[in-house]
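Everything below concerns the one structure shown next.
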Amino acid sequence: MAANTTRLVEVRTKILKKNDEHARALRARFQEAGVRVVSWVSSPGSGKTELLKRLLLHLKQTRPGLKVATLVGDLATDNDADRLAAAGYPVAQILTGTMCHLEADMTAGAIEKAGWDLEEIDLLLVENVGNLVCPATYDLGEALRVVALSTTEGEDKPLKYPTIFNTADLAVVTKMDLAEVLGFDEAACRANIDAVRPGMPVLGVSARSGEGLAELAAAVLG
């Protein structure tokens, strides 16, 4: 192995080790405070933010006493945070600059900066930066990781990005209201997900029609 390559591997190993330490500490804090943390990963344009907005509105209507907060990762804008804030729950933005993913210490820092008391939160949603590669190896201390892919992206997305699907606990197929017009083969998509992550639950959802929203809420709440 060349010297430069060895150095890169050493640096990456140290970064991941440090992140894992932060994630373990965060997970312990979440568990002690009774906060259920659900992280969301997807490629850009999957409809993840709109789905989260509809999920928040659904929870507000069906679980009025539930205390929910959301963290949003984005490279340069707070557009998604503004959209989610419309649901009426606290939202905090994490601007990542050139980083294509969130790390555990960024999550902890955002909670501290927002001044949130974890004892006052029942459910924390963490929307990662739109990317199906970088977030795969960074544990955020979550209890559940949801990976979203849309009907507009094609059925073979899981085969192209197996690592992110292997690290997730639940897959949601978004924009199901477009499935018919796109000729989307849901059975093939589910088979591809099962090929890379056997047994992982899969939900078909639509933020527009509300399809699958109740089932998604139940899965998120655990």
Side-chain angles (χ1 to χ4, degrees), residues 15-16 18-19 22-23 26-27 30 35-60 67-116 118 121 123-153 157 160-161 163-165 167-175 205-208 213 216 220:
I15 290 173
L16 290 177
K18 195 69 178 174
N19 184 79
H22 282 303
L26 256 184
R27 184 170 286 109
F30 293 148
V35 185
R36 179 166 171 82
V37 181
V38 180
S39 71
W40 301 75
V41 294
S42 78
S43 59
S46 69
K48 173 165 44 73
T49 303
E50 186 62 23
L51 178 62
L52 284 175
K53 180 182 173 183
R54 285 298 306 271
L55 176 63
L56 290 170
L57 291 171
H58 177 84
L59 291 173
K60 193 174 222 25
K67 299 169 185 173
V68 187
T70 306
L71 292 174
V72 183
D74 192 276
L75 271 68
T77 79
D78 56 4
N79 292 351
D80 291 347
D82 287 344
R83 292 169 62 191
L84 294 176
Y89 291 111
V91 179
Q93 179 72 56
I94 305 173
L95 290 178
T96 63
T98 58
M99 291 183 65
C100 55
H101 62 276
L102 295 178
E103 297 183 8
D105 62 337
M106 298 164 73
T107 303
I111 292 170
E112 183 176 353
K113 184 178 179 181
W116 291 343
L118 291 180
I121 299 174
L123 175 65
L124 175 64
L125 305 178
V126 182
E127 182 181 1
N128 215 314
V129 177
N131 191 311
L132 283 178
V133 180
C134 304
T137 50
Y138 289 89
D139 183 1
L140 301 181
E142 69 268 60
L144 180 79
R145 176 178 288 187
V146 182
V147 59
L149 70 158
S150 68
T151 55
T152 57
E153 296 175 79
K157 207 80 176 189
K160 293 179 177 177
Y161 299 91
T163 304
I164 195 78
F165 283 86
T167 65
D169 307 292
L170 169 68
V172 294
V173 182
T174 64
K175 305 183 184 180
V205 299
S206 167
R208 179 177 293 179
L213 211 55
L216 178 60
V220 165

If we ignore hydrogens and angles and just use 3.5 Å, is the side chain of [X] paired with the main-chain N or O of [Y] as donor and acceptor?
| X | Y | value |
| --- | --- | --- |
| Asp74 | Thr77 | yes |
| Asp78 | Gln93 | no |
| Arg36 | Ala143 | no |
| Thr151 | Lys175 | yes |
| Lys157 | Ala148 | no |
| Asn19 | Ala104 | yes |
| Glu142 | Val38 | no |
| Tyr138 | Leu16 | no |
| Glu112 | Gly109 | no |

Exercise. Mind running salt bridge (Lys or Arg N to Asp or Glu O under 4.0 Å) on Arg27 and Asp139 for me, showing each step along the way?
Key: CA-CA 10 Å; Arg27 184 170 286 109; Asp139 183 1; 2.8 Å; yes
Under 4.5 Å between any side-chain heavy atoms of [X] and [Y], yes or no?
| X | Y | result |
| --- | --- | --- |
| Leu124 | Ile111 | yes |
| Asp169 | Val146 | no |
| Leu213 | Leu51 | yes |
| Val220 | Leu125 | yes |
| Asp82 | Val91 | no |
| Thr98 | Leu75 | no |
| Thr96 | Met106 | yes |
| Arg145 | Leu170 | no |

What is the minimum heavy-atom distance between [X] and [Y], and which atoms define it?
| X | Y | result |
| --- | --- | --- |
| Pro135 | Val129 | CG-O, 4.2 Å |
| Ser150 | Ser46 | CB-O, 3.6 Å |
| Ala110 | Leu71 | CB-CD2, 3.8 Å |
| Leu95 | Ala76 | CD2-C, 3.7 Å |
| Val133 | Tyr161 | CG2-CE2, 3.8 Å |
| Lys60 | Ala87 | CE-O, 3.1 Å |

Exercise. Let me see the working for Val126 and Thr70 under side chain to side chain contact (heavy atoms under 4.5 Å, CB included), right down to the final yes or no.
Key: CA-CA 6 Å; Val126 182; Thr70 306; over 6 Å; no
Exercise. For the pair Leu144 and Val37, evaluate side chain to side chain contact (heavy atoms under 4.5 Å, CB included) and give the outcome as yes or no after the intermediate values.
Key: CA-CA 7 Å; Leu144 180 79; Val37 181; over 6 Å; no
Distance in Å, [X] [atom1] paired with [Y] [atom2], rounded so as to fall on 0.5 Å steps:
| X | Y | atom1 | atom2 | answer |
| --- | --- | --- | --- | --- |
| Leu132 | Phe165 | CG | CZ | 6.0 Å |
| Leu26 | Asp105 | CG | CG | 9.0 Å |
| Glu50 | Ser206 | CD | OG | 9.5 Å |
| Leu149 | Ser42 | CG | OG | 9.0 Å |
| Leu56 | Lys53 | CG | NZ | 10.0 Å |
| Glu103 | His22 | CD | NE2 | 8.5 Å |

Quiz item: For residues Glu153 and Ser43, is any side-chain donor paired with an opposing acceptor at under 3.5 Å?
Solution: yes
Self-check item: side chain to side chain contact (heavy atoms under 4.5 Å, CB included) between Leu55 and Trp40, worked out
Solution: CA-CA 12 Å; Leu55 176 63; Trp40 301 75; 3.8 Å; yes
Test salt bridge (charged side-chain N to carboxylate O under 4.0 Å, His left out) applied to [X] - qualifying residues, sequence neighbours left out:
| X | answer |
| --- | --- |
| Lys67 | Glu120 |
| Lys160 | Asp156 |
| Asp80 | Arg83 |

Self-check item: Test log, rule side chain to side chain contact (heavy atoms under 4.5 Å, CB included), inputs Val173 and Val205
Solution: CA-CA 6 Å; Val173 182; Val205 299; over 6 Å; no
